[in-house]
Enquirer: 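Below you'll find the structure I mean.
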Amino acid sequence: MQLLRKLELKCLQEFDRICRKHGIPYFLGGGTLLGAIRHKGFIPWDDDIDVMMLPDAYARFTQIVDQELGEEFVYQSQQNDPEYYSAFDKIRLKGTVFDTYLSRQYPLKSHGIFIDIFVHDYSSNRKMMQQIHVIRTVYAKSLVLHKRHNSPMHFYGRLKLLCKAATWYKDSTPMETLKEREYRILTRYNHKHTKYLYDGRGEHTKHGVFPAWILTDGAIYTSFEGIQFPIPKHYDEYLKFSYGETYMELPPEEKRIPEHDLAVLDFGIYQNKNNL
């Protein structure tokens, strides 16, 4: 775990270098942000790094990343890897392998150790349209996921007729069409710069929307594993949205487990610490 985290930090520092060079704002996100605040570093049982960006910053980043990324790394997204299906992007470390039992089944261009890059897209100013936006997002992401796994659609055992219809639509629609539909839904309000954001590409989609000022009001810096990285100025409000009012409390011991169902971990040349 110690070496894995050093290599993930290596990916994060490369991402940070590019963003600093071009003045592109970003924040630590997800469990990495929670770890920075609660533990001053990794959550003890965490096995990955998350960062987050606003749509305009992400657009600028994607325009320059291919030219700027160091030779040790590879950028992975739906746009440059046809077998990659996640709505968020990754920076991976070449010559390494971090595979779950799921990801090892697919011929991805890279299976390396990584960081995740999430975008927080805008949503509607109207409550009803926000709810519809979230529902459509969950459905669109589910279509892509089940298409990738070749599995039937399901809604927690309910609405069986609707499940059958959704499964037929998923099976009869090309993956590229489903990905394009997902992207259109995620980015529907980005050009409007509304007063609300949502975690449509991440794990907190169903939490709904949150006020955009929580992220648009800028960043402060804090220590993560002894290195200064940007976090939202209003990190407390963001963490309460993501993890609840008691986010500073440790979860029960049975929930202190890594997120990924790891199948293969190979450090390649980095197994020799002289190559770090």
Side-chain angles (χ1 to χ4, degrees), residues 1-54 57-58 60-61 65 68-70 72-73 75 88-93 96 98 112-120 197 199 202-204 210 213-251 253 255-260 267 270 273-276:
M1 185 71 87
Q2 184 178 9
L3 182 53
L4 171 63
R5 288 174 171 174
K6 285 185 178 180
L7 295 179
E8 290 172 342
L9 272 171
K10 185 179 180 73
C11 294
L12 175 59
Q13 288 176 288
E14 176 66 1
F15 173 79
D16 179 75
R17 179 190 69 79
I18 295 171
C19 289
R20 284 177 185 259
K21 178 179 178 180
H22 291 271
I24 299 173
Y26 80 93
F27 314 96
L28 299 184
T32 307
L33 174 58
L34 178 59
I37 299 303
R38 196 168 67 190
H39 304 276
K40 300 301 179 185
F42 284 96
I43 295 173
W45 53 91
D46 203 4
D47 60 359
D48 69 353
I49 285 179
D50 302 321
V51 296
M52 56 184 176
M53 311 179 84
L54 291 168
Y58 174 71
R60 291 170 58 198
F61 178 76
V65 62
E68 289 287 352
L69 197 62
E72 293 179 84
F73 307 92
Y75 183 60
F88 51 89
D89 302 348
K90 295 180 186 291
I91 288 179
R92 291 188 183 267
L93 187 61
T96 66
F98 185 110
I113 290 168
F114 60 87
I115 64 169
D116 289 327
I117 303 170
F118 292 91
V119 182
H120 279 39
L197 296 165
D199 185 23
E203 296 182 356
H204 307 292
F210 60 92
W213 57 261
I214 291 177
L215 295 188
T216 59
D217 201 26
I220 57 174
Y221 279 78
T222 195
S223 176
F224 181 84
E225 297 296 327
I227 306 170
Q228 293 290 309
F229 291 106
I231 64 171
K233 185 186 298 184
H234 303 289
Y235 66 84
D236 180 62
E237 288 85 351
Y238 181 82
L239 288 172
K240 285 176 180 176
F241 161 77
S242 298
Y243 299 102
E245 295 285 335
T246 59
Y247 68 83
M248 288 298 288
E249 298 178 10
L250 294 178
E253 286 193 20
K255 292 186 177 181
R256 300 177 195 177
I257 55 176
E259 177 183 349
H260 297 92
F267 297 118
Y270 300 99
K273 293 184 179 180
N274 292 330
N275 292 322
L276 285 174

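Excluded from the calculations below are hydrogen atoms, water molecules and symmetry mates; all remaining heavy atoms, backbone and side chain alike, are included. For this chain, numbers begin at 1 and follow the sequence in order.
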Enquirer: Going through the checks in order, is the salt bridge (charged side-chain N to carboxylate O under 4.0 Å, His left out) test met by E72 and K10?
Expert: CA-CA 10 Å; E72 293 179 84; K10 185 179 180 73; 3.4 Å; yes

Enquirer: Would you call the rings of F88 and F118 parallel, tilted or perpendicular if under 30° counts as parallel and over 60° as perpendicular?
Expert: tilted

Enquirer: For residues 226-241, pull every pair meeting side-chain hydrogen bond (donor to acceptor under 3.5 Å, both in side chains), keeping only residues two or more places apart or in separate chains.
Expert: H120-Y238, D217-H234, D236-K240, D236-Y247

Enquirer: Sequence neighbours excluded, which residues qualify as ring-ring contact (aromatic ring centres under 6.0 Å, His included) partners of F15?
Expert: Y26, F61

Enquirer: If you round to the nearest 0.5 Å, how far is CZ of F42 from CG of D47?
Expert: 9.0 Å

Enquirer: Is there side-chain contact between T222 and F229, with heavy atoms separated by less than 4.5 Å?
Expert: no

Enquirer: Could you list the residues that satisfy salt bridge (charged side-chain N to carboxylate O under 4.0 Å, His left out) with E225, not counting sequence neighbours?
Expert: none

Enquirer: As an exercise, state the distance from CG of D46 to CD1 of I257, rounded to the nearest 0.5 Å.
Expert: 11.5 Å

Enquirer: Would I115 and R92 satisfy side-chain contact (heavy atoms from CB on, under 4.5 Å), going step by step from the backbone distance to the final call?
Expert: CA-CA 7 Å; I115 64 169; R92 291 188 183 267; over 6 Å; no

Enquirer: Is there a side-chain contact between Y270 and L93, using heavy atoms and a 4.5 Å cut-off?
Expert: yes

Enquirer: If you round to the nearest 0.5 Å, how far is NE2 of H204 from OG of S242?
Expert: 4.0 Å

Enquirer: Please check this pair: side chain of R256 against backbone of P251, looking for a donor-acceptor N/O pair closer than 3.5 Å.
Expert: yes

Enquirer: If I compare all heavy atoms of P232 with all of F27, which pair ends up nearest, and what's the gap?
Expert: N-CD2, 3.3 Å

Enquirer: Kindly indicate whether the side chain of V51, heavy atoms from C-beta on, has any atom under 4.5 Å from the side chain of D116.
Expert: no

Enquirer: Do L34 and L239 touch side chain to side chain, with heavy atoms closer than 4.5 Å?
Expert: yes

Enquirer: Given side chains that start at C-beta, do those of W45 and E259 come closer than 4.5 Å, heavy atoms only?
Expert: no

Enquirer: Between G23 and P25, what is the shortest heavy-atom contact and its length?
Expert: O-CD, 3.5 Å

Enquirer: Indicate yes or no for a side-chain donor-acceptor contact from R5 to the backbone of D48 under 3.5 Å, with no hydrogens or angles considered.
Expert: no

Enquirer: To the nearest 0.5 Å, how far apart are CD1 in I37 and OG1 in T32?
Expert: 12.0 Å

Enquirer: Please list, chain by chain and in numerical order, all residues satisfying side chain to side chain donor-acceptor pair (under 3.5 Å) with D50, sequence neighbours excluded.
Expert: none

Enquirer: With side chains defined as the heavy atoms from C-beta onward, is the minimum distance between L28 and L12 less than 4.5 Å?
Expert: yes

Enquirer: Would a 4.5 Å heavy-atom cut-off, applied to side chains only, mark P44 and M1 as touching?
Expert: no

Enquirer: Treating R38 as the side-chain partner and E249 as the backbone partner, does any N or O pair qualify as donor plus acceptor under 3.5 Å?
Expert: yes

Enquirer: Can you tell me how far CD1 of I49 sits from CD1 of I117, rounded to the nearest 0.5 angstrom?
Expert: 11.5 Å

Enquirer: In Å, rounded to the nearest 0.5 Å, how long is the span from CD of Q13 to CD1 of I91?
Expert: 12.0 Å

Enquirer: Check side chain to side chain donor-acceptor pair (under 3.5 Å) between R17 and all other residues, then give those that pass, not counting sequence neighbours.
Expert: E14

Enquirer: Search all heavy atoms of P230 against all heavy atoms of A219 and return the closest pair with its distance.
Expert: CB-CB, 4.1 Å

Enquirer: Report yes if the side chains of V119 and L54 come closer than 4.5 Å at any heavy-atom pair, otherwise no.
Expert: no

Enquirer: For F114, check ring-ring contact (aromatic ring centres under 6.0 Å, His included) against everything at least two apart and list the hits.
Expert: F98, H260

